[in-house]
Amino acid sequence: MASVTGSSFAISSLSSSFNPNKAYLKTSSLSIKGISFASLRLKPATRRFSISCAAKPETVDKVCEIVKKQLALPSDSAVNGESKFTALGADSLDTVEIVMGLEEAFGITVEEENAQTIATVQDAADLIEDLVAKKC
């Protein structure tokens, strides 16, 4: 495990470029208390290179419906990816029931450590997609 201790921490600017045929991070460097660490340079990637930061809209929509059902919210209530369970009126027991509903609907098992990190619909949808991908 690495740790950094000190009063100053700086990361120089990152520059990146995307081309349909190539994707790469040009350079980055790290300087801690005047000590510079080597720059990073990644080689071009193939077209199969992709970055996925958020769950598919279909997954988010399905999670929204499950949350509405578990919390007995009206069908016209506004629930989206940014919706926090607590803001929707969920307590800790409701959150456990939501996670159980998600496990059943998606055929996954959510570990307790992961369940505790879920605060929003988007958090749940992202975790579900990660778990489904690992299951395959």
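From a predicted model like this one, the values you see are computed outputs, not experimental measurements.
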Pair Asn114-Thr117, side-chain donor/acceptor within less than 3.5 Å:
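Checked: Asn114/Thr117 side chains show no N/O donor-acceptor pair below 3.5 Å.
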Least distance between heavy atoms, [X] atom then [Y] atom:
X	Y	answer
Ala55	Asp126	N-OD1, 2.8 Å
Val110	Ala115	CG1-N, 3.7 Å
Gln122	Val60	OE1-CG2, 3.8 Å

As an exercise, state the distance from [atom1] of [X] to [atom2] of [Y], rounded to the nearest 0.5 Å.
X	Y	atom1	atom2	answer
Glu104	Thr109	CD	OG1	12.0 Å
Gln70	Leu88	CD	CG	13.0 Å
Thr95	Gln116	OG1	CD	11.0 Å
Ile108	Glu129	CD1	CD	10.5 Å
Cys64	Lys69	SG	NZ	15.0 Å
Leu127	Ile118	CG	CD1	5.0 Å

Less than 4.5 Å apart, side chain to side chain, heavy atoms only: is that true for [X] and [Y]?
X	Y	answer
Leu131	Phe106	no
Leu71	Phe85	no
Ser77	Lys68	yes
Val121	Asn80	no

Which one of Asp94, Leu102, Ile98, Thr120 satisfies the side-chain contact (heavy atoms from CB on, under 4.5 Å) criterion with Val67?
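Between Val67 and the candidates, side-chain contact (heavy atoms from CB on, under 4.5 Å) is satisfied uniquely by Ile98.
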